[in-house]
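Right, one structure below, let's go through it.
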Amino acid sequence: MKSTNADKLVILDFETTGLSPLQGDRAIEIGAVKIEQGKIHSRFQALMNPGRPINAFIENYTGISNQMLRTAQSNEVVMQDFADFIEDHHLIAHNASFDQKFLDAELSLINRNYNGEFGCSLLLSRRLYQDAPNHKLGTLVRYKNIAADGNYHRALFDAEMTTQLWLAMLDDIKIKTGLTEVPFSLVKKLSKTPKAQIDKLLSEQ
DNA sequence: TGCCAGGCCCTCTTTAGGGCCTT
């Protein structure tokens with residue numbers, strides 16, 4: 001496995017036909033923001049045609065219609081480009097277990113892979129923002145007073161909001177620890193630490 | 001036949017159940 005650079009992240013979000021690739025669900029849109037040295041480097045957004053119609057719930061939930069997907073490139077073509085975009089960066093998503101299983105499923109169909117590890121903004125936010133009303137992406141964006149002008153449940157907008165939330169959480173970790181940079185290893189450790197022990201762990205940095 | 005996600009996390013827990021998150 002090639003080494004990965006903790007300063008290089010890809011924050012991603014999938015829109016899909018449903019909740020489980022094991023039940024036959026497929027990706028229909030990918031949006032992603034590439035971060036290098038703490039700043040936005042580039043973006044990736046593409047609809048993809050899974051080869052069959054999506055249901056009315058998904059059309060209403062995402063605003064992505066069957067008409068829009070009819071002219072989109074296939075999942076195989078889009079995911080080849082996205083695999084190139086990821087390079088060897090670490091990957092971030094809100095409720096990463098969801099996006100990871102779709103990324104793994106789509107890439108396995110085209111015999112591609114990635115080297116980075118996943119970080120989860122949901123797991124981290126549950127520890128850092130224990131007073132938040134809940135830990136849905138939109139709620140956390142409001143909780144942190146992050147400017148939001150777009151449509152939730154579209155892939156690039158959700159990836160943009162997750163990016164801003166992630167950067168805000170890194171800033172809050174820096175304030176609480178005095179660190180000037182937050183190692184990815186610390187993020188992973190925080191994300192697995194019991195909530196009651198978070199303040200102690202931060203104070204020990 | 002009937003059912004159908006799954007990982008995380010809390011608690012009236014651990015021989016389990018249910019809410020939270022993602023589409």
Side-chain angles (χ1 to χ4, degrees), chain A residues 9-33 44-69 72 75 78-79 82 90-109 117-144 146 148 150-166 168-169 187-201:
Chain A
L9 303 172
V10 168
I11 293 93
L12 64 101
D13 183 73
F14 278 107
E15 303 307 317
T16 70
T17 64
L19 291 170
S20 174
L22 291 177
Q23 301 293 316
D25 289 316
R26 298 293 304 272
I28 57 173
E29 187 181 40
I30 177 67
V33 178
F44 187 103
Q45 185 277 328
L47 292 168
M48 55 190 119
N49 186 338
R52 53 185 159 80
I54 58 174
N55 64 37
F57 173 81
I58 295 298
E59 282 192 310
N60 289 328
Y61 187 78
T62 64
I64 297 168
S65 66
N66 281 296
Q67 176 70 31
M68 293 162 67
L69 294 178
N75 288 43
V78 170
M79 291 306 298
F82 187 61
H90 287 314
L91 300 156
I92 307 295
H94 198 67
N95 197 13
S97 65
F98 175 85
D99 293 280
Q100 182 174 9
K101 66 187 179 184
F102 275 97
L103 181 64
D104 290 352
E106 293 291 346
L107 290 184
S108 73
L109 292 172
E117 294 180 40
F118 261 91
C120 179
S121 55
L122 171 63
L123 294 182
L124 190 57
S125 72
R126 279 177 173 161
R127 288 159 174 82
L128 294 181
Y129 307 139
Q130 297 183 29
D131 293 338
N134 60 56
H135 296 84
K136 295 177 183 176
L137 179 59
T139 302
L140 291 166
V141 165
R142 287 191 295 276
Y143 181 77
K144 293 302 295 177
I146 293 167
N151 296 320
Y152 284 106
H153 309 306
R154 285 301 301 269
L156 183 57
F157 184 74
D158 282 4
E160 297 271 11
M161 292 300 97
T162 303
T163 299
Q164 296 305 318
L165 173 63
W166 189 260
M169 290 195 291
V187 170
K188 297 281 283 186
K189 187 174 182 180
L190 284 166
S191 298
K192 293 188 291 188
T193 298
K195 291 177 184 176
Q197 298 173 23
I198 287 295
D199 287 343
K200 181 171 182 289
L201 176 57

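The chains referred to below are lettered A, B, ... by the order of the sequence lines, with proteins before strands, and numbering in each begins at 1.
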Handout entry: Span that lies between the P atom of B/dC21 and that of B/dC3, in whole angstrom
Key = 28 Å

Exercise for the section: For A/Phe102, report the nucleic acid contact type (base, sugar-phosphate, nothing); a contact means any heavy atom under 4.0 Å. Expected result: nothing

Practice task
Give the nucleotide from the list B/dA5, B/dC9, B/dG6 with an atom nearest to the side chain of A/Leu22.
Solution key: B/dG6

Practice task
Fit a plane to each ring of A/Phe102 and A/Phe14, take the angle between them on a 0 to 90° scale, and name the class: parallel (under 30°), tilted (30 to 60°) or perpendicular (over 60°).
Solution key: tilted

Handout entry: Residue whose closest nucleotide on DNA chain B lies nearer the 5' end, A/Ser191 versus A/Phe57
Key = A/Ser191

Handout entry: B/dC20 OP1/OP2 closer than 4.0 Å to side-chain N/O of A/His135
Key = no

Practice task
Anything under 30° is parallel, anything over 60° is perpendicular, the rest tilted; go ahead and classify A/Phe57 against A/Tyr61.
Solution key: parallel

Handout entry: B/dG19 and B/dC12, which share atom name P, separated by this distance in whole Å
Key = 14 Å

Handout entry: Interatomic distance at P, B/dG6 relative to B/dG2, whole Å
Key = 22 Å

Handout entry: Phosphate OP1/OP2 of B/dT23 contacted by A/His153 side-chain N/O (<4.0 Å)
Key = yes

Problem - Sugar-phosphate, base or nothing in reach of A/Asp158, heavy atoms under 4.0 Å - result: sugar-phosphate

Exercise for the section: Please state how far atom CG in A/Asp99 lies from atom P in B/dC8, giving the value in whole angstrom units. Expected result: 15 Å

Practice task
For residues A/Phe82 and A/Leu103, determine if any side-chain heavy atom of one lies less than 4.5 Å from a side-chain heavy atom of the other.
Solution key: yes

Exercise for the section: Write down the distance separating the C1' atoms in B/dC4 and B/dC9, rounded off to the nearest Å. Expected result: 23 Å

Completion exercise
Of the listed B/dT23, B/dG6, B/dC9, the closest approach to the A/Lys101 side chain comes from B/dG6

Exercise for the section: Find which nucleotide of DNA chain B each of A/Arg127 and A/Asp13 is nearest to by heavy atoms, and output the residue with the more 5' nucleotide. Expected result: A/Arg127

Handout entry: Heavy-atom check, side chain of A/Tyr129 versus side chain of A/Arg126, under 4.5 Å
Key = no

Problem - Nearest-nucleotide pick for A/Leu123, side chain only, options being B/dT23, B/dG6, B/dC8 - result: B/dC8

Problem - Euclidean distance for P, B/dG18 against B/dT13 (whole angstrom) - result: 13 Å

Handout entry: Beyond-backbone contact of A/Phe44 with A/Val10, side-chain heavy atoms, under 4.5 angstrom
Key = no

Handout entry: Nucleotide nearest A/Leu122 (side chain, heavy atoms from C-beta), chosen from B/dC21, B/dT23, B/dC9
Key = B/dC21

